Amino acid sequence: MKIVHFSEIVKAVKTMCIEANYYLPEDIYDALKQSERLEESPIGKDILKDICINADIAKEDHIPICQDTGTAVFFVKLGQEVYIEGGLLEEAINEGVRQGYEEGHLRKSIVENPLYRKNTGDNTPAIIHYEIIAGENLEILIAPKGGGSENMSKVYMLTPSQGIEGVKKAVLEAVSFAGPNACLPVVVGIGIGGNFEKCALLAKKALTRDIESSNEDMRMAQLEKELLKEINNLGIGPQGLGGTTTALAVHIETYPCHIASMPLAINMGCHVNRHKQVRL
Amino acid sequence: MDKIINVPINKEEARSLVAGEKLLLNGVIYTARDAAHKRMIEDYKEGKPLPVEMSNLAIYYAGPAPAKPGQVIGSCGPTTSGRMDLYAPQLMEWGQTMMIGKGLRNKAVIDAMKEYGAVYVTAIGGAGALLSKCVTEMSCIAYEDLGAEAIYKLTVKDFPVIVTIDSQGNNLYDTGKKEYSK
Ligand code: SF4
């Protein structure tokens, strides 16, 4: 058994909130650099250049890449052999968010009741997804998620007969619908299967994958490639102002599902596709 | 070459800008998001004075991150403009000539732009750090209780934007996409 103290978690989460919002992951940065070279539209090229400069400035000055420092979304893997001392895991994470968003001068973007909209003042509560795993590790991944791209995400309850073509059609429709509002170029997270809520979670998780990675199933990896090409052929381009870079990557995650259904979720991840992981 | 524009601009100047042009804005702009727009319109209905002079106004749809010590403003990129579509035509009727944001606008907004002589320019969504460097002064002038969503007066220097929908209704979102779709 391993003991992890409440205060250790608070400290780690606080640092993660700040670092995830200041420093763009290198894989995303490299993908943006490469797209800047390949982009055919002159305006699009300039935009991609500015997006990279923006990330450089944030890194150098230690300031948020984007003012929307997001909902604090966490994926937590808790080893069965871990004992948390000094308080609840959930409270530790929220305390870390509270401290991180305050000390890091991050924007607090969470409102209490969605209909009455009073700001909670400290960006809590976080949205936390837990997974219990074997062993003695506590892994915490943060993926701060901006509202602009989140608002353009979609769930489709497709039927099995719609097949691959149905998935493609829905994804292209969702990207076209998202268009300029989602801060293009995007990473497109896709969840296929499971059920209504599971597919959405898969789509969100897909956004946290390394940008160069492909699905392990060759068939899904092929579909990722085809979709990326077809999305970029739409011409929507950086910021939606026309061009050949609409998406940087398409990531698909799947899960078994009911004989009657084929749920599909598409989560748009803007170019500030932040995430950061620690293991305690 | 980027065109240097002193803001605010009047209707004639707004009408002279063409979709696709890159501009560097210099002068004074005001931030307002949905909450501030909603309140301005409610205030007006209740007969209260408006918090800013509407004639020739340039509004930036943005809610900045808090400034760090020594910083004028925190990261301050644009927010999605579509959420202001409900309110924008009224503001243009009152005299607003420039909207700065990101993303699509509806037909009512574009019709109002044509009618009143206003222009829609976009800044890069997600480039909040870079844009914060183009703001030299900031002060809160109204609705302070709204926090990041209050109305801030910003003095900007070489603030980069792209004319996205002009007052003739030319729309770079449509033409740009058409040009590059395969
Ligand atoms: S969608 Fe992303 S890049 Fe755009 S404003 Fe929101 S967090 Fe920033």
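Values in this document were obtained by computation on a predicted structure and should not be read as measured data. Residue numbers begin at 1 in each chain, while the letters A, B, ... track the order of the sequences.
- Contacts of Tyr22(A) with chain B are made by side-chain atoms alone, with heavy-atom separations under 4.5 Å and no backbone atom involved.
- For the residue pair Arg107(A) and Pro64(B), the shortest heavy atom distance occurs at CD-O, 3.7 Å.
- Within a 6.0 Å radius of NZ in Lys49(A), other residues, nucleotides and ligands contribute 12 heavy atoms or fewer.
- Looking at Lys22(B), only its side chain comes within 4.5 Å of chain A, counting heavy atoms on both sides.
- Taking every heavy atom of both residues into account, Gly103(B) and Asn181(A) meet most closely at CA-OD1, 3.1 Å.
- In Lys38(B), the NZ atom is not crowded: 12 or fewer heavy atoms of neighbouring residues, nucleotides or ligands sit closer than 6.0 Å.
- The distance from atom CD of Gln67(A) to atom CG of Leu131(B), rounded to the nearest 0.5 Å, is 8.5 Å.
- By the 6.0 Å contact criterion, CD on Glu42(B) is enclosed, its count of non-hydrogen atoms from other residues, nucleotides or ligands being greater than 12.
- The greatest number of non-hydrogen atom pairs below 4.5 Å with chain B, out of Pro238(A), Gly243(A), Ala58(A), is found for Gly243(A).
- Proximity to chain B involves both the backbone and the side chain of Ser41(A), based on heavy atoms less than 4.5 angstrom apart.
- Looking at every heavy atom in both residues, Ser132(B) comes nearest to Ile63(A) through OG-CD1, 4.1 Å.
- When the candidates Gly125(B), Gly74(B), Gly128(B) are compared by the number of heavy-atom contacts under 4.5 Å with chain A, Gly125(B) comes out ahead.
- For Ile162(B), the part sitting under 4.5 Å from any heavy atom of chain A is the side chain, from C-beta outward, and nothing else.
- We find that Lys68(B) and Asp61(A) are not joined by a salt bridge, their nearest charged nitrogen and carboxylate oxygen being 4.0 Å or further apart.
- Comparing Val272(A), Leu234(A), Thr244(A) by how many heavy-atom pairs each has under 4.5 Å with chain B, the most go to Leu234(A).
- The part of Thr122(B) that comes within reach of chain A is its side chain, from C-beta onward, which places non-hydrogen atoms under 4.5 angstrom from that chain.
- For a residue to count as touching a neighbouring chain, one of its non-hydrogen atoms must lie under 4.5 Å from one of that chain's; by this rule Leu241(A) touches chain B with backbone and side chain alike.
- Ranked by heavy-atom pairs under 4.5 Å with chain B, the list Cys66(A), Gly121(A), Gly147(A), Gly146(A) is led by Cys66(A).
- With a 6.0 Å radius and a threshold of 12 heavy atoms from other residues, nucleotides or ligands, Gln71(B) has its CD atom above the threshold.
- Other residues, nucleotides and ligands contribute only 12 or fewer heavy atoms inside 6.0 Å of the NZ atom of Lys157(B).
- Most heavy-atom pairs under 4.5 Å with chain B: of the set Glu230(A), Lys108(A), Glu40(A), this distinction falls to Glu40(A).
- With chain A as the partner, the residue from Ala35(B), Ala65(B), Pro66(B) showing the most heavy-atom pairs under 4.5 Å is Pro66(B).
- The two residues Gly126(B) and Asn54(A) have their closest heavy-atom pair at O-ND2, 2.9 Å.
- The shortest non-hydrogen separation linking Cys183(A) to Lys102(B) is SG-NZ, 3.2 Å.
- Around the CD1 atom of Ile164(A), the shell of radius 6.0 Å holds no more than 12 heavy atoms that belong to other residues, nucleotides or ligands.
- A salt bridge does not link Glu149(B) with Arg117(A): none of the charged nitrogens is closer than 4.0 Å to a carboxylate oxygen.
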Going through the distances and angles, do Ile124(B) and Ile51(A) end up as a side chain to side chain contact (heavy atoms under 4.5 Å, CB included)?
CA-CA 8 Å; Ile124(B) 299 178; Ile51(A) 287 175; 3.8 Å; yes
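- Here the CG atom belonging to Asn151(A) is positioned 7.0 Å from the CZ atom belonging to Arg83(B), to the nearest 0.5 angstrom.
- If you take OG1 on Thr245(A) and OH on Tyr180(B), they are separated by 10.5 Å, rounding to the nearest 0.5 Å.
- What you find for Leu130(B) and Ile57(A) is that their closest heavy atoms are CA-CD1, 3.8 Å.
- The part of Ala148(B) that comes within reach of chain A is its side chain, from C-beta onward, which places non-hydrogen atoms under 4.5 angstrom from that chain.
- Atom NZ of Lys45(A) has more than 12 heavy atoms from other residues, nucleotides or ligands within 6.0 Å.
- With chain B as partner, the option from Gly235(A), Gly242(A), Ala182(A) having the largest number of non-hydrogen pairs under 4.5 angstrom is Gly235(A).
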